[in-house]
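For this chain, numbers begin at 1 and follow the sequence in order. Computed over heavy atoms, backbone and side chain alike; hydrogens, waters and symmetry mates excluded.
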Amino acid sequence: RKGKSFGYQVLGFGAGGSSGSVYNIDFLVVGGGGGGGSIGGGAGGGGFRTLSAQEVSTGNTITCVVGVGGDTAVSGNSANGSGGDSSIASDEFSTFASAGGGRGGSHNAVGGAGGSGGGAGASGSSTSYVGGAGNTPSTSPVQGYKGGDTGNISGGEAGSGGGGASQTGAGGSGAGRVGGNGAANSITGSSITYAGGGGGSGRSDGLGAGNGGSGGGGNGSTGAGGNGTNYLGGGGGGGGYNGSAPESGEGGIGVVILSVPTDEYTAAVTGSPTVSTSGSNTIIKFTGNGTYTP
């Protein structure tokens with residue numbers, strides 16, 4: 001049968017299909033959040049993607065990869081990193097991936113592209129800097145939004161907010177450039193928000209910092225930036241300026257979650273995921289790499 005198109009990959013049965021039991025499962029895949037910038041922008045949240053009613057058959061192992069969070073930056077440099085990609089794949093379908101969040105731009109630097117884009121770094125002059133693009137690589141529906149741009153600064157320096165799964169990061173020339181909000185999902189049985197963008201940095205003798213977006217975005221600061229929340233894929237907050245250049249926040253680790261009909265669940269897992277139940281489904285939450293074999 002024809003596969004389902006999801007942007008940069010196509011899902012569908014291939015030669016590896018089994019003749020055993022066939023049933024549907026749901027997925028949530030969130031990339032790792034990016035690392036915030038030093039005197040800089042908040043990082044983008046990890047890409048956020050869902051897939052409902054994917055057919056699987058017994059004996060075909062599903063490999064789950066969970067993206068790590070991006071590294072921090074110090075001393076106004078751009079050594080921070082984007083988040084790692086998260087994905088699921090099987091012999092039955094090609095890789096379904098959510099990109100890591102883009103790094104926040106450090107001082108006088110642009111934000112990085114990713115699942116959601118990193119906010120631009122603080123500008124020490126009248127120069128503006130651009131936030132990183134979200135939804136990179138392109139998927140439909142979009143997996144995340146752009147980071148905020150830095151406006152012309154007067155009276156201080158502040159970084160812009162990182163993009164989130166449902167909202168662009170705040171930019172402009174004012175204080176409090178917040179990270180974009182993440183997106184809510186109820187695959188676990190309760191509504192949880194994932195992939196918020198990190199807040200932009202502030203300066204102790206100038207503009208204030210911005211808070212992180214809902215869904216695990218780390219707060220920006222006039223000192224050390226806040227970390228993105230692990231297993232939500234939140235972007236790290238921008239580290240500010242208070243006479244020195246404190247460390248920015250690191251990105252939160254991503255997550256991969258499978259929802260399997262309980263009467264079909266095999267318990268054939270690797271990687272020590274958390275397993276629970278919700279109604280008639282078994283929920284397999286991977287916070288590190290592992291596999292599930294239907």
Side-chain angles (χ1 to χ4, degrees), residues 1 3-33 46-70 82-101 115 137 139 143 185-190 192 194-195 216 229-233 251-294:
R1 64 181 175 85
K4 301 176 184 177
S5 176
F6 287 86
Y8 60 97
Q9 67 283 312
V10 176
L11 278 69
F13 281 110
S18 167
S19 60
S21 176
V22 177
Y23 56 95
N24 293 336
I25 64 177
D26 299 335
F27 301 110
L28 170 67
V29 182
V30 179
F48 171 96
R49 303 187 70 201
T50 62
L51 177 63
S52 298
Q54 171 63 40
E55 286 188 4
V56 298
S57 55
T58 56
N60 285 277
T61 297
I62 299 167
T63 299
C64 302
V65 175
V66 175
V68 299
S82 296
D85 297 350
S86 295
S87 64
I88 57 172
S90 168
D91 288 344
E92 292 184 302
F93 52 82
S94 57
T95 302
F96 181 85
S98 293
T139 66
Q143 58 180 311
N185 184 271
S186 300
I187 193 171
T188 62
S190 53
I192 298 172
Y194 302 85
T229 303
N230 286 336
Y231 318 128
L232 296 181
I253 299 168
V255 69
V256 173
I257 303 175
L258 284 59
S259 178
V260 179
T262 297
D263 59 2
E264 299 283 2
Y265 177 62
T266 65
V269 297
T270 68
S272 302
T274 301
V275 179
S276 60
T277 58
S278 175
S280 61
N281 292 327
T282 293
I283 310 303
I284 313 169
K285 178 181 178 180
F286 288 93
T287 55
N289 298 345
T291 64
Y292 171 65
T293 303

Does either side chain, that of Asn60 or that of Ser57, offer a donor lying less than 3.5 Å from an acceptor on the other one?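 There is such a pair (donor and acceptor under 3.5 Å, judged by atom type) between the side chains of Asn60 and Ser57.
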Distance alone, cut at 3.5 Å: any donor-acceptor contact between the side chains of Thr282 and Thr262?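 Thr282 vs Thr262: donor-acceptor pair found between side chains.
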Would you say that [X] contacts [Y] through its side chain, given a criterion of any heavy-atom pair below 4.5 Å between the two side chains?
X      : Y      : value
Tyr231 : Val66  : no
Lys285 : Thr188 : no
Cys64  : Leu258 : yes
Thr274 : Thr287 : no

Just do the side chain to side chain contact (heavy atoms under 4.5 Å, CB included) check on Ile192 and Leu232 with the steps written out, would you? CA-CA 9 Å; Ile192 298 172; Leu232 296 181; 3.8 Å; yes
Apply side chain to side chain contact (heavy atoms under 4.5 Å, CB included) to the pair Ile257 and Ile283, showing each step before the final yes or no. CA-CA 7 Å; Ile257 303 175; Ile283 310 303; 3.6 Å; yes
Report the C-alpha distance between Thr291 and Thr270 in whole Å, list the side-chain angles of each, state the deciding distance to 0.1 Å, and finish with yes or no for side chain to side chain donor-acceptor pair (under 3.5 Å). CA-CA 5 Å; Thr291 64; Thr270 68; 2.7 Å; yes
Evaluate the criterion side chain to side chain contact (heavy atoms under 4.5 Å, CB included) for residue pair Ser90 and Ile62; output intermediate values, then yes/no. CA-CA 5 Å; Ser90 168; Ile62 299 167; 4.2 Å; yes
Nearest-0.5 Å distance, [atom1] of residue [X] to [atom2] of residue [Y]:
X      : Y      : atom1 : atom2 : answer
Leu51  : Asp26  : CG    : CG    : 7.5 Å
Glu92  : Glu55  : CD    : CD    : 9.0 Å
Asp85  : Thr95  : CG    : OG1   : 10.5 Å
Tyr23  : Asp263 : OH    : CG    : 9.0 Å
Ser280 : Glu264 : OG    : CD    : 11.5 Å
Phe286 : Leu28  : CZ    : CG    : 13.0 Å

Kindly say whether the aromatic ring centers of Tyr292 and Tyr265 come within a distance under 6.0 Å.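 Aromatic pair counts; centres sit under 6.0 Å.
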Using side chain to side chain contact (heavy atoms under 4.5 Å, CB included), reason through Ile187 and Phe27 one step at a time and then give a plain yes or no. CA-CA 8 Å; Ile187 193 171; Phe27 301 110; 5.6 Å; no
Which atom of [X] lies closest to which atom of [Y], heavy atoms considered:
X      : Y      : value
Pro137 : Ala99  : CD-CB, 4.0 Å
Gly189 : Ser278 : CA-OG, 3.2 Å
Val256 : Ser86  : CG2-CB, 4.1 Å
Ala195 : Val30  : CB-CG1, 4.2 Å
Ser98  : Arg49  : OG-CG, 3.2 Å

